[in-house]
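Single-structure report; data block below.
Remember, it's a predicted structure, so these values are computed and weren't measured experimentally.
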There are 2 protein chains.
Amino acid sequence: MISNKCKYAIKALTYIARNDDGTKAVMTADIALAQDIPRKFLEIILRDLRNNRILESKRGKDGGFRLLRPAEDISLTEIMRIIDGPIAMLPCVSLNYYRSCDDCNEAQCEVKSVFEQVRDRTLEVLNGKTIKSLILN
Amino acid sequence: MISNKCKYAIKALTYIARNDDGTKAVMTADIALAQDIPRKFLEIILRDLRNNRILESKRGKDGGFRLLRPAEDISLTEIMRIIDGPIAMLPCVSLNYYRSCDDCNEAQCEVKSVFEQVRDRTLEVLNGKTIKSLILN
DNA sequence: ATTAATCCTATCTATTTGATAGTATTAATT
DNA sequence: AATTAATACTATCAAATAGATAGGATTAAT
């Protein structure tokens, strides 16, 4: 399962991508209302995305958020890794968050290869998806 | 991520499948030692698998656990669903644990179809895997 | 009766999830 | 300079989940 937080992040980004008309930043309150996300929780998520160079923010009146890059250059996997961490089902098969298993000898682990296959199939789907491709439904 | 508990369950089952010689049940202590699983935690897991008709148990001296079905009839997905619940990444795309999302209109949700694809690819891998196939590495 | 196994109940700690409250800061507008 | 309206930041909080551990009850072979 991905967290609600991660789903909110994705939905917020699609809303920003769709609604940034080039004249002004997109406000938290508008996103929260349109996408049904708790406002204060959304604030945290958006700041998190800004700290990870997905968004830029503008403070003060007429402030808000904007994509720091074109929507087609923001992949789903990047968002998922920022918000939830590893995508893989076992730490020992994670490409970006590898950790060894204390309780098994990886060379002879029976489960590792299965979850490597799951990881590869999952990434086949996710690697091609961007904020841009999501809003072209 | 699957839980440690789920990984322990799978490893315990492979151990039982490999070591049931038909004469006596496999003991918790042996599994715990061989697979490096905390003994008391393993007890809970094995009882859970028994309650879900994966294992049968025998109490008292010479007691222990045994597969209730042939190893080739115990699928990985079944174990994962018993221990961790849904396999899908979103409740609204889960085949066995479906729940609707409060915050989105499923008909026009941008993320649903992506995670349906992930689900299908994941199940393509996992559906073919059984305790039997895992121990034939 | 003894021994050795599972069964059961209760408990515990740490982490994560999913938030909320309140204040500080910034910046556009008047 | 004052007002207004936005994000930024800090602190907290409650509930659920993860990952166990302890201790005694029950069962059954010898």
Side-chain angles (χ1 to χ4, degrees), chain A residues 1-12 16 20 23-33 35-52 54-66 68 80 82-86 89-91 97 99 101-103, chain B residues 1-9 11-12 16 23-33 35-52 54-66 68 80 82-86 89-91 97 99 101-103:
Chain A
M1 286 273 163
I2 65 170
S3 64
N4 261 337
K5 188 176 179 184
C6 188
K7 189 178 65 170
Y8 291 159
I10 297 167
K11 288 176 59 181
I16 293 171
D20 182 352
T23 66
K24 56 179 185 180
V26 182
M27 291 187 304
T28 305
D30 291 345
I31 304 169
L33 182 66
Q35 300 285 55
D36 199 11
I37 302 171
R39 188 192 196 299
K40 283 299 224 176
F41 194 28
L42 180 58
E43 274 189 22
I44 295 171
I45 295 166
L46 295 175
R47 236 177 312 121
D48 206 354
L49 292 172
R50 185 210 51 171
N51 292 338
N52 282 280
I54 302 297
L55 294 174
E56 61 181 348
S57 64
K58 183 167 178 292
R59 297 177 73 161
K61 200 172 180 184
D62 293 339
F65 292 87
R66 230 174 223 166
L68 196 52
M80 291 171 68
I82 288 170
I83 304 292
D84 279 352
M89 285 191 165
L90 284 178
Y97 293 86
R99 276 184 300 115
C101 297
D102 297 332
D103 59 299
Chain B
M1 286 275 165
I2 65 170
S3 66
N4 261 337
K5 189 176 178 182
C6 189
K7 190 177 64 169
Y8 291 160
K11 289 175 60 180
I16 293 171
T23 66
K24 57 179 183 179
V26 182
M27 291 187 304
T28 306
D30 291 344
I31 304 169
L33 182 65
Q35 300 285 54
D36 198 11
I37 302 171
R39 188 193 195 296
K40 282 301 224 177
F41 193 29
L42 180 58
E43 274 190 19
I44 295 170
I45 294 166
L46 295 175
R47 235 178 311 121
D48 206 354
L49 292 171
R50 185 210 51 171
N51 292 339
N52 283 280
I54 303 296
L55 295 173
E56 61 181 347
S57 64
K58 183 166 178 291
R59 295 177 73 163
K61 200 172 179 183
D62 293 340
F65 293 88
R66 231 175 222 164
L68 196 53
M80 291 171 66
I82 288 169
I83 303 291
D84 280 352
M89 285 191 166
L90 284 179
Y97 293 85
R99 277 184 300 115
C101 296
D102 297 332
D103 60 298

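Comparing D62(B) and R39(A), the nucleotide of DNA chain D nearest to each residue sits closer to the 5' end for R39(A).
Scanning both residues, M89(B) and M80(A), for their nearest heavy atoms gives SD-CE, 4.0 Å. Closest non-hydrogen pair, S57(A) versus F65(A), comes out as CB-CE2, 3.5 Å.
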Problem set entry | side chain to side chain contact (heavy atoms under 4.5 Å, CB included) between M1(B) and L90(A), intermediate numbers included | CA-CA 6 Å; M1(B) 286 275 165; L90(A) 284 178; 5.6 Å; no

For this session: Apply side chain to side chain contact (heavy atoms under 4.5 Å, CB included) to the pair I83(A) and I10(A), showing each step before the final yes or no.
Result: CA-CA 10 Å; I83(A) 304 292; I10(A) 297 167; over 6 Å; no

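Legend: residues meeting side-chain contact (heavy atoms from CB on, under 4.5 Å) with R66(B), ordered by chain and number and at least two apart, are D20(B), E56(B). Applying the ring-ring contact (aromatic ring centres under 6.0 Å, His included) rule to Y8(A) yields the partners F41(A); only residues at least two apart in sequence or on another chain are considered.
When heavy atoms are screened at a 4.0 angstrom cut-off, L46(B) is found touching no nucleic acid atom at all.
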Donor-acceptor list for residues 24-32 of chain A side chains, cut-off 3.5 Å, not counting sequence neighbours:
none

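Of the residues listed (L46(B), I45(B), L68(B)), the one engaging L55(B) in a side chain to side chain contact (heavy atoms under 4.5 Å, CB included) is L46(B), and it is the only one.
If you measure from atom CZ of R50(B) to atom C1' of dT6(C), you get 9 Å, rounded to the nearest angstrom. Protein atom CD of E56(A) is 14 Å distant from nucleotide atom P of dT7(D), rounded to whole Å. To the nearest angstrom, P of dA4(C) lies 18 Å from CZ of F65(B).
Atom CG in D48(A) sits 7.5 Å away from atom CD1 in I82(A) (nearest 0.5 Å).
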Heteroatom pairs (N/O) under 3.5 angstrom, protein to nucleotides 14-18 of chain C:
from	atom 1	to	atom 2	distance (Å)
dG18(C)	OP2	N4(A)	N	3.1

Show the distances under 3.5 angstrom between N or O atoms of the protein and N or O atoms of nucleotides 22-27 of chain C.
from	atom 1	to	atom 2	distance (Å)
dG22(C)	O6	K40(A)	NZ	2.4
dT25(C)	O2	R59(A)	NH2	2.9
dT26(C)	O2	G60(A)	N	3.4

Write out a two-atom table: protein N or O, nucleotide N or O from nucleotides 15-17 of chain D, distance below 3.5 Å.
none

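Regarding contacts with the backbone of dT7(D), a side-chain N or O of T28(A) is found under 4.0 angstrom from either OP1 or OP2.
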